[in-house]
Engineer: 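After the structure tokens below, expect a handful of questions from me.
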There are 2 protein chains.
Amino acid sequence: MKRITIKDVAAKAGVSHPTVSRVINDDPQISEPTKERIRAIMKKLGYRPNLIARGLVKKKTQVFALVIPDLNPHVQPIVRGVIDECRRRGYGLMLFSTEYWTKEDETYSYVVSNWRVDGVLIYNVVHHERLTEDVRQLKAENVPFVFINKYLHKKNVNTVAIDNSQAVRQAVENLAGLGHKRIGILNGSLMAVDGVERFEAFKESLARLGLKFDERYVGNANFSDSEAAEEARRILALPDRPTAMFCANDLMAMGAIRAAEAMNLRVPADVSFIGFDDLEAGHWFKPALSTLRPPLRDVGGRAIDLLLKAIEDPRRKPEQVPLLAKLVLRDSCGPAPKN
Amino acid sequence: MKRITIKDVAAKAGVSHPTVSRVINDDPQISEPTKERIRAIMKKLGYRPNLIARGLVKKKTQVFALVIPDLNPHVQPIVRGVIDECRRRGYGLMLFSTEYWTKEDETYSYVVSNWRVDGVLIYNVVHHERLTEDVRQLKAENVPFVFINKYLHKKNVNTVAIDNSQAVRQAVENLAGLGHKRIGILNGSLMAVDGVERFEAFKESLARLGLKFDERYVGNANFSDSEAAEEARRILALPDRPTAMFCANDLMAMGAIRAAEAMNLRVPADVSFIGFDDLEAGHWFKPALSTLRPPLRDVGGRAIDLLLKAIEDPRRKPEQVPLLAKLVLRDSCGPAPKN
DNA sequence: CTGTTAGCGCTTTCAT
DNA sequence: ATGAAAGCGCTAACAG
């Protein structure tokens, strides 16, 4: 059960093993006919380079690490994107979870020093400010890293993130364009980056459009449909209820719409709703959900791109890549009611 | 930026580097005081063993591979379980997707030969019979592997899987116990293992209980809520409609219940429903969904266990581990109506 | 253009 | 109980 090595190939070809190595690495010094001949032999013997051995000398493992808090539905397409891109680029991907990491843990040291990965992708939805500590650890390990969906506005780290400001602004501007003046929000958890950013962006957008921000129109629904329904019931019962609601995710939008309908409000005739995520369910939902579609699948690819650039040129200055969500208009929002 | 090696530690301790190696591997030959002393030095210098170098000589990487088709919600808790267990056992985890793998690809060879993983976990929901080819490849690579949620009844491979037969039987027996005679099914995709197995188990359970299996009560809804709603509308419009429906997942159950309600049927007074998965949403749903709760989080741990056993004793004969789902009774099923 | 030599950081005989 | 020497499979000088 011994595996074929470079030396077996060399012996069969009647050359030295470094020559085979050069063929593998496509060294231009080797003549084309020799290359062809040796490649044929490698193929015939079923030779596979041993990345472990190569890693030992090159100090490169051809493996990246992806560190995530948990596998929520948001993370899925991102992970998929990362896997695909790694495969395309000839990298392997190791997956780590931060879930049980404690403060005392040398979290990133574990990933980098132990597994000798060539780069780290960090997806961390929690809004908790560990930034400085994380970055310190990572820099100490001297490994390139990029953050995903976080720290888009920090100039000293590599980041790829959905641009919440741009996304929310589109939604609010669209509602304003439809004549809505009283616009409410069902917000996600303020423990999460997305929750905070979308809320801030919402307030800014209203301000920019000269619309009033009304505390009473704010529902904190924690990204959950049932909580959204509850908050929607409260907000829509107000005498001067909003005529449109921006919802920080589709789940909440759907929960809220069902609640509105249960109150005999017509959507979108009486109230308009717009969500965020573009869940598949939003297609099937009635009324079909207007929403913001974040290019999640691209996130992974762009993150790997950045990582690769950082590897090529270690003194390259950090870059922040905002990814733009697309406004998808369907049936859940319409012109503001006349009254 | 040079990393601390075994030699640095040896120099500092005034011993030879193999001695340090022995300490790392807790060789009983080394005296306890020496061990203590050297361990202290390792700690002080911040030494981390280089698994790559170790891997080269031991021909073990301390890494497992998890191969999945995609990251659907089902897979999440399983992946989480696998990650956690790997971490506990000191293994790393590489993640691969089969999505774009074609027939010609040497899929598992790629994973094993290229990345030299110590074992492979395979989660493959598609019912397509690649078993023999997959197993052939894996055996040729001489690497331990275990299937997840598949091939529970093949005696020649290691498997950890939710026992669909046992699960579905519980559900059907419970409905029968409530007096239901006409029991229908909303089935998942027959392209998926779970779809096929649950359907078969459903028919067997009816037979065992002496209940009639009626083709008209079968809805093929592809694991989707909207398709389930559609099929439910058709089935519940029958003059002799079923009084209970087993649904192969919660999503379909919820879709079907909403459809039933829209037909002015009361749940569970007129029709009972029971789902599968125990989604979080089922808690919040009204009526709270009765369902089967598969111990998904355990799957990963058990799979790693099997893998480790297979590594310890390569000539160990394959084992099939069925994991039992728990029947969770809530409000969506009740006694059969009198008429 | 290709072969020789050395070495990546570790474990593993074999001595002592 | 510990050291010396060899080698895992590969790449990187340095020759020639």
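Throughout, protein chains are lettered first and strands after them, A, B, ... in sequence-line order, and every chain is numbered starting at 1.
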Engineer: Tell me, please, whether A/Tyr110 has B/Arg48 positioned over its six-membered ring: NZ or CZ under 6.0 Å from the ring centre and within 45 degrees of its axis?
Structural biologist: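 No.
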Engineer: Send over the distance from A/Arg48 CZ to D/dG9 C1', rounded to a whole Å.
Structural biologist: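 The answer, rounded to whole Å, is 16 Å.
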Engineer: Flag the pair A/Arg39 and A/Glu32 as a salt bridge only when some basic side-chain nitrogen lies within less than 4.0 angstrom of an acidic carboxylate oxygen.
Structural biologist: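 Salt bridge: yes.
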Engineer: Just how large is the angle between the end axes of the helix from C/dC1-D/dG16 to C/dT16-D/dA1, five pairs per end, to 10 degrees?
Structural biologist: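 Answer for the end axes of this duplex: 40°.
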Engineer: Considering just the side-chain nitrogens and oxygens of B/Lys59, establish if one lies under 4.0 Å of OP1 or OP2 belonging to D/dG9.
Structural biologist: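 True: B/Lys59 side-chain N/O within range (under 4.0 Å) of D/dG9 OP1/OP2.
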Engineer: Verify, without hydrogens or angle tests, whether B/Gln137 (side chain) and B/Tyr108 (backbone) share a donor-acceptor contact under 3.5 angstrom.
Structural biologist: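 Checked: pair present.
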Engineer: Please determine if A/Asp84 and A/Arg297 form a salt bridge, counting it only when a charged side-chain N lies under 4.0 Å from a carboxylate O.
Structural biologist: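 Yes.
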Engineer: Would you mind reading off the distance between A/Asn50 atom CG and D/dT11 atom P, rounded to a whole angstrom?
Structural biologist: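 Rounded to the whole Å, the gap is 10 Å.
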Engineer: I need the residues from residues 4-26 of chain A with at least one non-hydrogen atom less than 4.0 Å from DNA chain D; give them sorted by number, or say none.
Structural biologist: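 Those residues are A/Thr5, A/Ile6, A/His17, A/Pro18, A/Ser21, A/Arg22, A/Asn25.
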Engineer: Using atom CD1 of A/Ile38 as one end and atom P of C/dG3 as the other, report the distance to the nearest whole Å.
Structural biologist: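 Value for this atom pair: 8 Å.
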Engineer: By nearest heavy atom, map B/Thr34 and B/Arg116 onto DNA chain D; which one lands nearer the 5' end?
Structural biologist: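 Nearest-nucleotide comparison on DNA chain D picks B/Thr34.
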Engineer: With side chain to side chain contact (heavy atoms under 4.5 Å, CB included) as the test, pick out the partner of A/Cys86 among A/Leu93, A/Leu307, A/Val63, A/Leu121.
Structural biologist: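 That would be A/Leu93; it is the only one of A/Leu93, A/Leu307, A/Val63, A/Leu121 passing the side chain to side chain contact (heavy atoms under 4.5 Å, CB included) with A/Cys86.
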Engineer: May I have the distance from B/Arg3 (atom CZ) to C/dG7 (atom P), rounded to whole angstrom?
Structural biologist: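 So the two atoms are 22 Å apart, to the nearest Å.
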Engineer: Please give, in whole Å, the distance from C/dC10 P to B/Met42 CE?
Structural biologist: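 Spelled out: CE on B/Met42 to P on C/dC10 is 11 Å.
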Engineer: Go nucleotide by nucleotide along DNA chain C from the 5' end; which of A/Gln29 and B/Lys58 gets its closest nucleotide reached first?
Structural biologist: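 Taking each residue's closest nucleotide, the earlier one in sequence belongs to A/Gln29.
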Engineer: Between A/Asp27 (CG) and C/dG3 (P), how many Å, whole number?
Structural biologist: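 Result: 13 Å.
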Engineer: Are more than 12 heavy atoms, taken from residues, nucleotides or ligands other than A/Lys35, located less than 6.0 Å from that residue's NZ atom?
Structural biologist: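 Enclosed: over 12 neighbouring heavy atoms sit under 6.0 Å from NZ of A/Lys35.
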Engineer: Figure out the NZ/C1' separation between A/Lys60 and C/dC8, and round it to whole Å.
Structural biologist: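 These atoms are roughly 14 Å apart.
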Engineer: When you get a sec, tell me which of D/dA1, C/dC1, D/dG9 is the closest nucleotide to the side chain of A/Leu56?
Structural biologist: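 Nearest nucleotide to the side chain: D/dG9.
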Engineer: With a 4.0 Å cut-off on N to O distance, would you call B/Arg136 and B/Glu141 a salt bridge?
Structural biologist: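 Looking at B/Glu141 together with B/Arg136, the answer is no, because their closest N to O distance does not fall below 4.0 Å.
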Engineer: Going by an N to O cut-off under 4.0 Å, is there a salt bridge joining B/Arg80 and B/Glu85?
Structural biologist: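 Looking at B/Glu85 together with B/Arg80, the answer is no, because their closest N to O distance does not fall below 4.0 Å.
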Engineer: Between B/Ser31 and B/Ala53, which residue's closest nucleotide on DNA chain D lies nearer the 5′ terminus?
Structural biologist: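 The residue whose closest nucleotide sits nearer the 5' end is B/Ser31.
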Engineer: Nearest whole angstrom, please: distance from the P of C/dT11 to the CZ of B/Arg54.
Structural biologist: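 Whole-Å distance recorded here is 5 Å.
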Engineer: Between B/Arg116 and A/Asn50, does a side-chain contact (heavy atoms from CB on, under 4.5 Å) hold up when you go through it step by step?
Structural biologist: CA-CA 8 Å; B/Arg116 311 281 155 147; A/Asn50 184 334; 3.7 Å; yes
